[in-house]
Amino acid sequence: MSALPITIDAAPLPRAFYARSTLDVARDLVGQVLVCGERQGRIVETEAYIGQADRACHAFHGRTKRTEILFGPAGHAYIYLIYGMYHCLNVVTEAEGTPGAVLIRAAEPLGRGPGVLCRELGLSRAQNGLDLTTASELRILASRCSAGEVQASPRIGVDYAGEWAAEPWRFTIPDNRWVSGPRSTPRRRA
DNA sequence: GAAACGATTACT
DNA sequence: GTAATCGTTTCA
């Protein structure tokens, strides 16, 4: 694991960072620093949910009251309740009018898993829609910490999405202890 | 209106 | 393997 010193920008990542291809944003968010109040952590695991064609994306069923924010301007938080118990934090991507978001699954030391991350940050739907490029409560700072290679793998928990479940749209820092789900180097059996 | 279904987690 | 738990979506 990297013990390199982390240099963190004071200003939040600009909207232009988020108003790009969702895959690019998901990959580039790994290694950046998520700040929520007094807590902060380096993002080590993300997933891309891309547009209305992606069956695993909430925008797959079109523009509804819940998914409205996915169609809005990039750089805003999309926080929803999952399984009636946990919340998941996403960042809206793409140009306004084009739906897309990056699920922030884990950050160190805020892991593991998207539900635990929101619980530890005290995030709920009350914070849904926050502007991450300006809000002081919740923001993401650029970090020049060397994260090493970012590894791509299939998204977790979307087996229902058919062919879309196989797309390697999950991005992780390999071998990081805070990453949830399958490890990049699974324990081998003797 | 009723019912099924999760972008999860913790426990048996 | 499965329970917990509720908003969103779908179907009648």
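Naming convention: chains lettered A, B, ... in sequence-line order (proteins, then strands); numbering from 1 in each chain. The structure presented is a predicted model; accordingly, all values stated were derived computationally and were not measured.
The cationic atom of Arg155(A) (NZ for Lys, CZ for Arg) lies less than 6.0 Å from the six-membered ring centre of Tyr49(A) and within 45° of the ring axis.
Counting to the nearest Å, the P atom of dT8(B) and the CZ atom of Arg170(A) are 11 Å from each other. Rounded to whole Å, atom P of dA4(B) lies 19 Å from atom OH of Tyr160(A). Here the C1' atom of nucleotide dG6(B) and the CG atom of Leu103(A) are 14 Å apart, to the nearest Å. Atom-to-atom, CD of Glu47(A) to P of dT8(B) comes out at 7 Å; the value is rounded to the nearest Å. Per the geometry, CG belonging to Asp159(A) stands 14 Å off C1' belonging to dT8(B), to the nearest Å. One atom, OH of Tyr83(A), and another, P of dG6(B), lie 7 Å apart when rounded to the nearest Å. Distance, His58(A) NE2 to dT8(B) C1': 12 Å, rounded to whole Å.
Helical stems of DNA chain B (runs of at least 3 Watson-Crick or G-U pairs, donor-acceptor distances under 3.5 Å) are listed by first residue: B:1-6 with C:6-11, B:8-11 with C:1-4.
One finds no side-chain N or O of Tyr86(A) lying less than 4.0 angstrom from the OP1 or OP2 phosphate oxygen of dA10(B). When the side-chain nitrogen and oxygen atoms of Arg112(A) are compared with OP1 and OP2 of dT9(B), none of them lie within a distance under 4.0 Å.
The pair Glu45(A)-Arg170(A) meets the salt-bridge criterion, with a side-chain N (NZ, NE, NH1 or NH2) lying under 4.0 Å from an Asp/Glu carboxylate O. A salt bridge links Arg105(A) with Glu47(A): the distance from a Lys NZ or Arg NE/NH1/NH2 to an Asp or Glu carboxylate oxygen falls below 4.0 Å. A salt bridge links Asp131(A) with Arg15(A): the closest approach of a Lys/Arg side-chain nitrogen to an acidic carboxylate oxygen falls below 4.0 angstrom.
Using modelled atom types and a 3.5 Å distance limit, the side chains of Ser21(A) and Glu94(A) yield no donor-acceptor pair. In this structure, a donor-acceptor pair under 3.5 Å is present between the side chains of His58(A) and Tyr78(A).
Between Tyr80(A) and His87(A), the gap from one ring centroid to the other reaches at least 6.0 Å.
Using atom P as the reference point in both dA3(C) and dA4(B), the two lie 16 Å apart (nearest Å).
Contacts with DNA chain B (heavy atom under 4.0 Å) in residues 114-133 of chain A: Pro114(A), Gly115(A), Val116(A), Arg119(A), listed by number.
With Ile140(A) as the partner, the side-chain contact (heavy atoms from CB on, under 4.5 Å) test is satisfied by one option alone out of Thr133(A), Leu29(A), Val33(A), Asp9(A): Leu29(A).
For the atom pair CD of Glu167(A) and CZ of Arg55(A), the computed distance is 13.5 Å after rounding to the nearest 0.5 Å.
Each of Ile82(A) and Thr64(A) was matched to the nucleotide of DNA chain C holding its nearest heavy atom; the match closer to the 5' end belongs to Ile82(A).
The environment of Arg63(A) atom CZ is dense: over 12 non-hydrogen atoms of other residues, nucleotides or ligands sit within 6.0 angstrom.
Taking the six-membered ring where the residue is Trp, Trp169(A) and Trp164(A) present tilted rings, their angle falling between 30° and 60°.
Summarising the geometry of Ile79(A) relative to Gln127(A), their closest heavy-atom pair is CD1-CB, 3.7 Å, with the distance given to 0.1 Å.
The residue Arg66(A) sits close only to the backbone: its heavy atoms come under 4.0 Å of sugar-phosphate atoms, none of a base.
The outermost nucleotides of DNA chain C lying under 4.0 Å from heavy atoms of chain A, listed 5' to 3', are dA4(C) to dT10(C).
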